[in-house]
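All values below were derived from every heavy atom in this structure, side-chain atoms included, with hydrogens, water molecules and symmetry-related copies excluded. All residue numbers in this chain count up from 1 along the given sequence. Given the structure is predicted, the values throughout are model-derived calculations rather than measurements.
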Amino acid sequence: MVRCTLVFALFVGSCLSPSGPPSKSLPEISRMKLDHHMISSGNNFPAIRLEKDSLDLVLVSLHFGHDRQEIQKYFGWDEPTIDAKIDLLISNDFLSEGGEGYHPTISILSIAEAELLRAKSRTVVDEITDSIVSIIPRVEAAYRTLSAAKEYSYSDLAFFLLSDVLLDNWQINNVESGFLQKPRPLRHGKNYYYQIAEKDTGSSIEAFGVYGNQYQCGDSVCWVMYGNNRKAERKSMEELQSFACPNFSREDQQLFDSLAAMFEPTLLGILERHRSGFVDEFTSAAHSEGVSFEEYFIWWYHLMYTDVTDALAARGSLTVPEKGVFFYTFDR
């Protein structure tokens, strides 16, 4: 069964915070390019657009320790305007009020913060990478049973099989249920994860180079892009209908479920062995107040599986598509 993972995203920093990466001044925040990411399925979406009316800038500013009065003064808002923005964010569960001010309840991650997380999970990434390399013969054997194997070689599909199937689209629910063991955060009656991420303004790919899926569905078929350059490679429905790419049947999708389930115990075992380190990093992070561990970790996991994918590419186990995305279709 296909797991619907949606992603949108972007951001950037300066003065050192006590136990974390550089913070950001309000002028820096105002110049940030922000990507918005979401993990959701079904009818679970925000009721408001955080990109609208600078709501995302309010959240990012609060994340970096600026108080309500500073933000109001810098952006030139009057009292009713800043009150309305904060009330809207609180009523939609994007913001909580604590003893020392307001705290975003979603993931907000700068480039510097992402680099720190990546540095602290290198051992985990290496262990996951080694584990995938060890089961590649089993993945290749499964590939030979796919209907698409008649037209596409294993090397054509390795990026999709080793990254999207084993780590992301077919695996993310297993990580949530088996490792986090909690439902997605409840916001205004809907369950979803949300992140505002900083994008490198000098790069054309998505924030932090994270790989993810994007769907467009018709009555009987869904077209999917998996990669980290989806905005640049996005195609209209008309273009997709004549676009040549692998199609996966319901039987193929069941095989992908089986592959993910086969790797699940190994993956969850690695994550479990490092749980205390993940929790320690979360509790000591400079800007984590207001965010749940589950929200914090799930976006860190996206960095980890992206780094595993790139490590597999460096070892020659897969080839990342030249344009950064892999297209496929599946029968609904």
Side-chain angles (χ1 to χ4, degrees), residues 1-9 36-47 139-177 183-184 190-193 206 210-264 302 305 309 318-332:
M1 182 177 184
V2 173
R3 321 296 188 190
C4 184
T5 304
L6 305 181
V7 191
F8 315 47
H36 290 248
H37 295 165
M38 184 169 62
I39 303 172
S40 172
S41 62
N43 187 31
N44 287 282
F45 295 98
V139 177
E140 288 180 331
Y143 148 78
R144 289 190 285 271
T145 70
L146 293 173
S147 55
K150 298 181 180 68
E151 295 182 68
Y152 296 91
S153 68
Y154 172 76
S155 61
D156 292 332
L157 302 183
F159 170 68
F160 165 75
L161 292 169
L162 300 182
S163 183
D164 199 15
V165 173
L166 292 186
L167 296 171
D168 185 16
N169 206 29
W170 276 264
Q171 194 69 266
I172 195 75
N173 282 9
N174 298 331
V175 172
E176 291 180 47
S177 62
R184 291 171 180 172
K190 306 289 185 178
N191 293 91
Y192 58 89
Y193 290 106
E206 297 168 37
V210 167
Y211 301 109
N213 291 275
Q214 187 168 321
Y215 290 72
Q216 293 189 67
C217 291
D219 292 336
S220 59
V221 175
C222 285
W223 290 262
V224 189
M225 281 191 291
Y226 179 67
N228 61 10
N229 197 25
R230 287 163 295 163
K231 185 175 180 180
E233 294 302 314
R234 185 176 175 85
K235 299 183 184 300
S236 67
M237 185 65 81
E238 292 72 25
E239 290 174 309
L240 288 171
Q241 287 173 343
S242 60
F243 189 74
C245 63
N247 174 257
F248 299 122
S249 66
R250 290 186 178 88
E251 290 75 18
D252 293 334
Q253 294 171 55
Q254 290 173 358
L255 177 63
F256 300 151
D257 280 334
S258 298
L259 282 173
M262 176 266 292
F263 187 59
E264 177 187 356
H302 280 63
Y305 79 63
T309 302
L318 61 83
T319 301
V320 177
E322 184 178 348
K323 292 186 177 180
V325 294
F326 174 84
F327 285 90
Y328 64 95
T329 66
F330 65 85
D331 297 334
R332 300 186 73 179

Exercise for review: Kindly indicate whether the side chain of D252, heavy atoms from C-beta on, has any atom under 4.5 Å from the side chain of F330.
Suggested key: no

Exercise for review: Answer yes or no: is there a side-chain heavy-atom contact under 4.5 Å between V320 and Y211?
Suggested key: yes

Practice item. Could you give me the CA-CA distance, side-chain angles and deciding distance for L166 and V139, then say whether side chain to side chain contact (heavy atoms under 4.5 Å, CB included) is met? Key: CA-CA 10 Å; L166 292 186; V139 177; 4.2 Å; yes

Between [X] and [Y] (side chain of the first, backbone of the second, donor and acceptor by atom type, cut-off under 3.5 Å), is there such a pair?
X    : Y    : answer
E233 : G324 : no
S258 : Q254 : yes
Q216 : R234 : no
N229 : V325 : no
W223 : L240 : yes
N228 : E206 : no

**Study point:** Residue pair Y193, H302: steps toward the side chain to side chain contact (heavy atoms under 4.5 Å, CB included) verdict
**Key:** CA-CA 12 Å; Y193 290 106; H302 280 63; over 6 Å; no

Point to revise | Partner of Y226 under ring-ring contact (aromatic ring centres under 6.0 Å, His included), chosen from F248, F159, Y305 | key: F159

Exercise for review: Applying ring-ring contact (aromatic ring centres under 6.0 Å, His included) between F160 and each of F327, Y152, W170, report the one that passes.
Suggested key: W170

Check your understanding: Do other residues, nucleotides or ligands put more than 12 heavy atoms under 6.0 Å from E239 CD?
Key -> yes

Practice item. Taking atom NZ of K323 as the centre, report whether more than 12 heavy atoms of other residues, nucleotides or ligands fall under 6.0 Å from it. Key: no

Exercise for review: Just do the side-chain hydrogen bond (donor to acceptor under 3.5 Å, both in side chains) check on D156 and Y143 with the steps written out, would you?
Suggested key: CA-CA 11 Å; D156 292 332; Y143 148 78; over 6 Å; no

Point to revise | side chain to side chain contact (heavy atoms under 4.5 Å, CB included), paired with T329, selected from C222, C217, C245 | key: C245

Check your understanding: Stepwise, does the side chain to side chain contact (heavy atoms under 4.5 Å, CB included) test hold for L146 with L157?
Key -> CA-CA 11 Å; L146 293 173; L157 302 183; 4.1 Å; yes

Check your understanding: Does the pair D164 and Y328 meet the rule for a side chain to side chain contact (heavy atoms under 4.5 Å, CB included), with working shown?
Key -> CA-CA 11 Å; D164 199 15; Y328 64 95; 3.2 Å; yes

